[in-house]
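The next block holds one structure in the form of structure tokens; read it before the comments.
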Amino acid sequence: MKKHFKTSFLLVLFVLINHTLSFGQLYEDGIPEFTRADTLRGALSPLRTCYDIKHYHLDIEVFPEEKTIKGSNQFLFKAEKDFGKLQFDLFDNLLVDSIIYKGNLLPYEREYNAVFIKFPSTITKSSIDSFTVYFSGTPIVAKNAPWDGGFIWGKDNNGIDFIATACQGLGASAWWPNKDHQSDEVDSMLLTVTVPDPLQNISNGKLLKTEKPNDKTTKYYWEIKNPINNYNVALNIGDYAHFQEQYQGIDGPLEIDYYPLKENQNKIEHLKTNVITMLEAFEHWFGPYPFYQDGYKIVETPHLGMEHQSAIAYGNKYLNGYLGRDNSGSGWGKKWDFIIIHESGHEWFGNNITAKDIGDMWIHESFTNYSEALYIEYFYGKKAGQEYIYGNRRGILNDRPLRGPLGVNYSGSGDMYLKGGVMLNQLRRIIADDTLWRNILTGLNVDFRHQTVDYDDVVDYIIAKTKMNLAPFFEQYVLQKDIPTLELNLLKDGTAEARWNSEVENFEMPIHLGIRETEFQKINLTQEFQKLPWNNIHKDKLLIDTFNYYINVTYL
């Protein structure tokens with residue numbers, strides 16, 4: 001999730017401060033000195049790669065008065081090799097009450113937030129097996145959700161409990177036991193949640209049934225048929241109204257469910273308008289909504305919002321813009337509800353296509369930030385979308401690379417949002433073929449459907465489709481914190497030469513240049529000076545497409 005300027009600028013700083021507080025001493029480049037706990041959480045050790053999660057049955061009961069939980073999670077897995085020991089994850093402030101395997105108690109050890117279990121005999125490669133973890137306790141309370149993770153224990157305006165979970169970055173193991181790494185999405189899931197009456201629980205997937213364990217509680221059965229990442233699994237508990245409709249999408253009828261609080265049910269048209277226009281625009285740009293089997297829900301929450309798969313968390317107060325503001329300053333950002341459009345964009349980039357490591361979260365956030373401009377373009381034209389993207393530049397910090405260090409559960413710079421969107425708009429200009437560009441966006445969602453990916457997967461895919469040498473471009477804008485400088489040298493004979501100044505070895509990138517009263521030309525420049533194809537060039541007549549290219553410009 002997470003967003004924009006001026007609010008965005010402050011939020012990015014908040015996120016960075018939170019990262020600083022979560023780790024040890026910072027190095028000079030702003031990256032912390034990582035600990036053993038960070039590696040246990042972020043790395044793919046043999047104790048995690050030895051098994052592939054196939055299905056969870058998470059059964060949980062929530063006690064609002066005590067702010068506690070208890071429950072169990074059954075791990076159904078396939079053995080990737082012969083092994084006798086594995087790691088799963090549960091934050092150490094929660095109790096492991098017992099672990100049951102084939103009817104017997106399993107011994108376990110804990111180190112920080114990792115739990116290690118040893119089986120009585122070898123689990124053989126390719127076998128399907130399972131164990132169940134029983135747990136309880138008081139989960140972490142989010143101090144400022146969704147930018148930090150945990151439970152949100154709130155009240156609505158009528159004093160009724162209003163509860164949600166949000167745990168992106170922090171990890172789903174903050175409130176339930178699982179293999180807490182983005183690389184291994186569970187194939188399917190049954191989520192059963194018991195809450196006191198008259199509260200309702202709304203979670204991911206489709207509601208199979210409810211039942212009454214006793215005269216004071218109701219149990220909700222939610223079935224998730226598509227692969228889902230752990231951090232997307234969510235509880236939303238409150239006094240909800242329910243509206244339903246069908247959208248005739250690319251893959252047929254899509255079931256849409258709206259869950260505003262009862263106190264806000266008269267604002268349902270705001271949700272419907274934004275959701276239907278979002279689906280129309282994003283199915284055009286990205287292809288079919290990726291989770292027709294699980295439907296699409298939007299659920300009001302006591303926090304601002306999060307991309308919880310098939311159950312988008314919504315807390316933007318039924319306002320257009322970002323809490324009523326257009327942080328781009330372009331005017332286009334107040335014509336639609338930021339949280340509905342942004343968080344729903346993650347259904348394609350983040351939930352359908354998921355980064356294997358949090359260090360590659362730029363894949364989620366860059367494409368989803370750019371989806372906001374594509375939404376604008378679909379309804380208001382290409383220039384409007386470009387103006388929105390250009391306005392976002394004022395929130396870019398250029399403080400760290402978009403990609404973070406891998407294997408330690410640490411993301412890159414908050415620039416992955418605004419700078420990432422600007423980068424993709426620039427890439428489209430470089431490609432200069434809108435049909436191909438749209439095919440790339442839809443193709444990513446087809447070829448990587450319900451998969452986890454990394455930097456190389458995405459970059460290699462785009463290079464293959466464009467047949468362009470874009471490796472230096474991605475290295476500059478994703479792996480480096482600075483942007484390249486266009487150096488121009490106006491010569492005495494009226495001609496000019498240009499080159500790139502970049503820390504990336506053998507950097508090259510096209511740039512659209514021109515002179516007044518002529519069309520822009522796409523000129524491929526390297527780090528060596530190259531003559532520009534005009535005579536009688538004057539500084540005031542040379543045109544540089546800095547509207548679409550995010551670069552520095554220097555005259556020598």
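Model, not experiment: these values are computed from the prediction. No hydrogens, no waters, no symmetry mates; every other heavy atom, side chains included, goes into these values. Throughout, numbering of the chain's residues begins at 1 and tracks the sequence.
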**Asked** Under 4.5 Å between any side-chain heavy atoms of Ser203 and Asn201, yes or no?
**Response** yes

**Message:** Distance alone, cut at 3.5 Å: any donor-acceptor contact between the side chains of Asp97 and Ser136?
**Reply:** yes

**salt bridge (Lys or Arg N to Asp or Glu O under 4.0 Å) against Lys155, all qualifying residues, sequence neighbours excluded** = Asp161

**Request:** On the 0 to 90° scale, with breaks at 30° and 60°, tag the His270-Tyr314 ring pair as parallel, tilted or perpendicular.
**Result:** tilted

**Asked** Checking Gln200 side chain against Tyr240 main chain: does a donor-acceptor pair fall under 3.5 Å?
**Response** yes

**Asked** Are side-chain heavy atoms of Leu323 and Asn316 found at a separation under 4.5 Å?
**Response** yes

**Request:** Mind checking side-chain hydrogen bond (donor to acceptor under 3.5 Å, both in side chains) for Glu245 and listing every partner two or more places apart, or none if nothing turns up?
**Result:** Tyr258

**side-chain contact (heavy atoms from CB on, under 4.5 Å) assessment of His450 paired with Asn226** = CA-CA 8 Å; His450 296 171; Asn226 296 131; 3.6 Å; yes

**Prompt:** For the side chain of Asn409 and the backbone of Gly169, is there at least one donor-acceptor N/O pair under 3.5 Å apart?
**Reply:** yes

**Side-chain heavy-atom pair His364, Gln182 within 4.5 angstrom cut-off** = yes

**Prompt:** What side-chain hydrogen bond (donor to acceptor under 3.5 Å, both in side chains) pairs are there with at least one residue in residues 248-257, not counting sequence neighbours?
**Reply:** His242-Asp257, Gln244-Glu255, Gln244-Asp257

**Prompt:** Is a side-chain donor-acceptor pair under 3.5 Å present for Tyr378 with Thr277?
**Reply:** no

**Item:** Lys262/Asp156 salt bridge by N-O under 4.0 Å criterion
**Value:** no

**Request:** Sorted by first residue and then second, give each salt bridge (charged side-chain N to carboxylate O under 4.0 Å, His left out) pair with at least one member in residues 105-122; sequence neighbours left out.
**Result:** Arg36-Glu111

**Asked** Is the backbone N or O of Met416 less than 3.5 Å from a side-chain atom of Ser366, with the two atoms forming a donor-acceptor pair by type?
**Response** yes

**Item:** Residues that Ser127 engages under side-chain hydrogen bond (donor to acceptor under 3.5 Å, both in side chains), provided they are two or more places apart
**Value:** none

**Request:** Name all residues meeting the salt bridge (Lys or Arg N to Asp or Glu O under 4.0 Å) criterion together with Asp454; count only those two or more places apart in sequence or in a different chain, and write none if there are none.
**Result:** none

**Asked** Can Ser173 and Asp180 be counted as having a side-chain donor-acceptor contact under 3.5 angstrom?
**Response** yes

**Message:** Any heavy-atom pair between the side chains of Glu280 and Phe379 that's under 4.5 Å?
**Reply:** yes

**Asked** Residues two or more places apart in sequence or in another chain: which of them pass salt bridge (Lys or Arg N to Asp or Glu O under 4.0 Å) with Asp197?
**Response** Lys212

**Asked** Does a side chain donor of either Glu307 or Tyr231 reach within less than 3.5 Å of an acceptor in the other side chain?
**Response** yes

**Request:** Heavy atoms only: give me the nearest Leu94-Ala174 pair and the separation to one decimal.
**Result:** CD1-O, 3.5 Å

**Request:** Applying side-chain contact (heavy atoms from CB on, under 4.5 Å), run through Leu58 and Thr192 and close with a yes or a no.
**Result:** CA-CA 6 Å; Leu58 174 59; Thr192 52; over 6 Å; no

**Request:** Using salt bridge (Lys or Arg N to Asp or Glu O under 4.0 Å) as the criterion, list what pairs up with Asp447, not counting sequence neighbours.
**Result:** none

**Prompt:** What pair of heavy atoms forms the shortest contact from Pro146 to Met306, and how long is it?
**Reply:** CB-CE, 3.6 Å

**Asked** Say you draw a straight line from OG1 of Thr301 to CD1 of Ile152; how long is it, rounded to the nearest 0.5 Å?
**Response** 7.5 Å

**Message:** Go through it in stages, so that I can follow the logic: the residues are Val96 and Phe135, the test is side-chain contact (heavy atoms from CB on, under 4.5 Å), and I'd like the CA-CA distance, side-chain angles, deciding distance and then a yes or no.
**Reply:** CA-CA 5 Å; Val96 175; Phe135 66 102; 5.7 Å; no

**Asked** Does the side chain of Tyr417 come under 3.5 Å of the side chain of Glu372 through a donor N or O and an acceptor N or O?
**Response** no

**Asked** Knowing that exactly one of Phe282, Trp348, Tyr247 qualifies, which makes a ring-ring contact (aromatic ring centres under 6.0 Å, His included) with Tyr289?
**Response** Trp348

**Request:** Tell me yes or no: between the side chains of Gln309 and His346, is some donor less than 3.5 Å from an acceptor?
**Result:** no

**Request:** Before giving the answer on side-chain contact (heavy atoms from CB on, under 4.5 Å), spell out for Asn352 and Arg449 the whole-Å C-alpha distance, their side-chain angles and the decisive distance to 0.1 Å.
**Result:** CA-CA 6 Å; Asn352 185 37; Arg449 176 180 170 82; 3.6 Å; yes

**Request:** Only counting residues at least two apart or in another chain, list the ones meeting side-chain hydrogen bond (donor to acceptor under 3.5 Å, both in side chains) with Thr442.
**Result:** none

**Exceeds 12 heavy-atom contacts within 6.0 angstrom, atom NZ of Lys225** = no

**Fill in**
Shortest non-hydrogen pair, Arg48 vs Leu40, comes out as NH1-O, 3.2 Å

**Item:** Side-chain heavy atoms of Leu235 within contact of Phe151, under 4.5 Å
**Value:** yes

**Message:** Contact between Phe131 and Phe88 at the side-chain level, heavy atoms closer than 4.5 Å - yes or no?
**Reply:** yes

**Message:** Keeping Ser310 on the side-chain end and Gly205 on the backbone end, is there a donor-acceptor pair under 3.5 Å?
**Reply:** yes

**Message:** Tell me every residue that passes side-chain hydrogen bond (donor to acceptor under 3.5 Å, both in side chains) with Trp175, counting only those two or more places apart in sequence or in another chain.
**Reply:** none

**Asked** Under 6.0 Å between ring centres, would you say that holds for Tyr56 and Trp176?
**Response** yes

**Request:** Enumerate the residue pairs fulfilling ring pair (Phe, Tyr, Trp, His ring centres under 6.0 Å) with a member in residues 35-54, sequence neighbours excluded, ordered by first and then second residue.
**Result:** Tyr51-Phe77

**Complete:** Minimal heavy-atom distance between Asn230 and His181, with the atoms involved, is ND2-N, 4.0 Å

**Prompt:** Using the ring of each side chain (for Trp, its six-membered ring), is His342 parallel, tilted or perpendicular to Phe338, with breaks at 30° and 60°?
**Reply:** parallel

**Prompt:** What residues form a side chain to side chain contact (heavy atoms under 4.5 Å, CB included) with Glu65, not counting sequence neighbours?
**Reply:** none

**Asked** Is the closest side-chain heavy-atom distance between Asp89 and Asn113 below 4.5 Å?
**Response** no

**Prompt:** Salt bridge or not for Lys335 and Asp326, using N-O below 4.0 Å?
**Reply:** no

**Asked** Any chance NZ of Lys70 has more than 12 other-residue heavy atoms, nucleotides or ligands included, within less than 6.0 Å?
**Response** no

**Item:** Within 6.0 angstrom of Tyr134 OH, more than 12 heavy atoms from elsewhere
**Value:** no

**Message:** Donor-acceptor pair, distance only, cut-off 3.5 Å: does the side chain of Asp360 make one with the backbone of Ala355?
**Reply:** no

**Prompt:** Hey, is NZ on Lys54 packed in by over 12 heavy atoms from elsewhere, all under 6.0 Å?
**Reply:** yes

**Asked** Between Asn351 and Asn232, does any side-chain donor sit less than 3.5 Å from a side-chain acceptor?
**Response** yes

**Message:** Looking at every heavy atom in both Asp184 and Asp52, which two are closest together, and how far apart are they?
**Reply:** OD1-OD1, 2.8 Å

**Request:** Please confirm whether Lys85 makes a cation-pi placement over Phe116, using NZ or CZ under 6.0 Å from the six-membered ring centre and within 45° of the ring normal.
**Result:** yes

**Item:** Check: Lys179 and Val186 side chains under 4.5 Å, non-hydrogen atoms
**Value:** no

**Fill in**
For Tyr292 and Leu254, the nearest pair of non-hydrogen atoms, with its separation, is CE2-CB, 3.6 Å

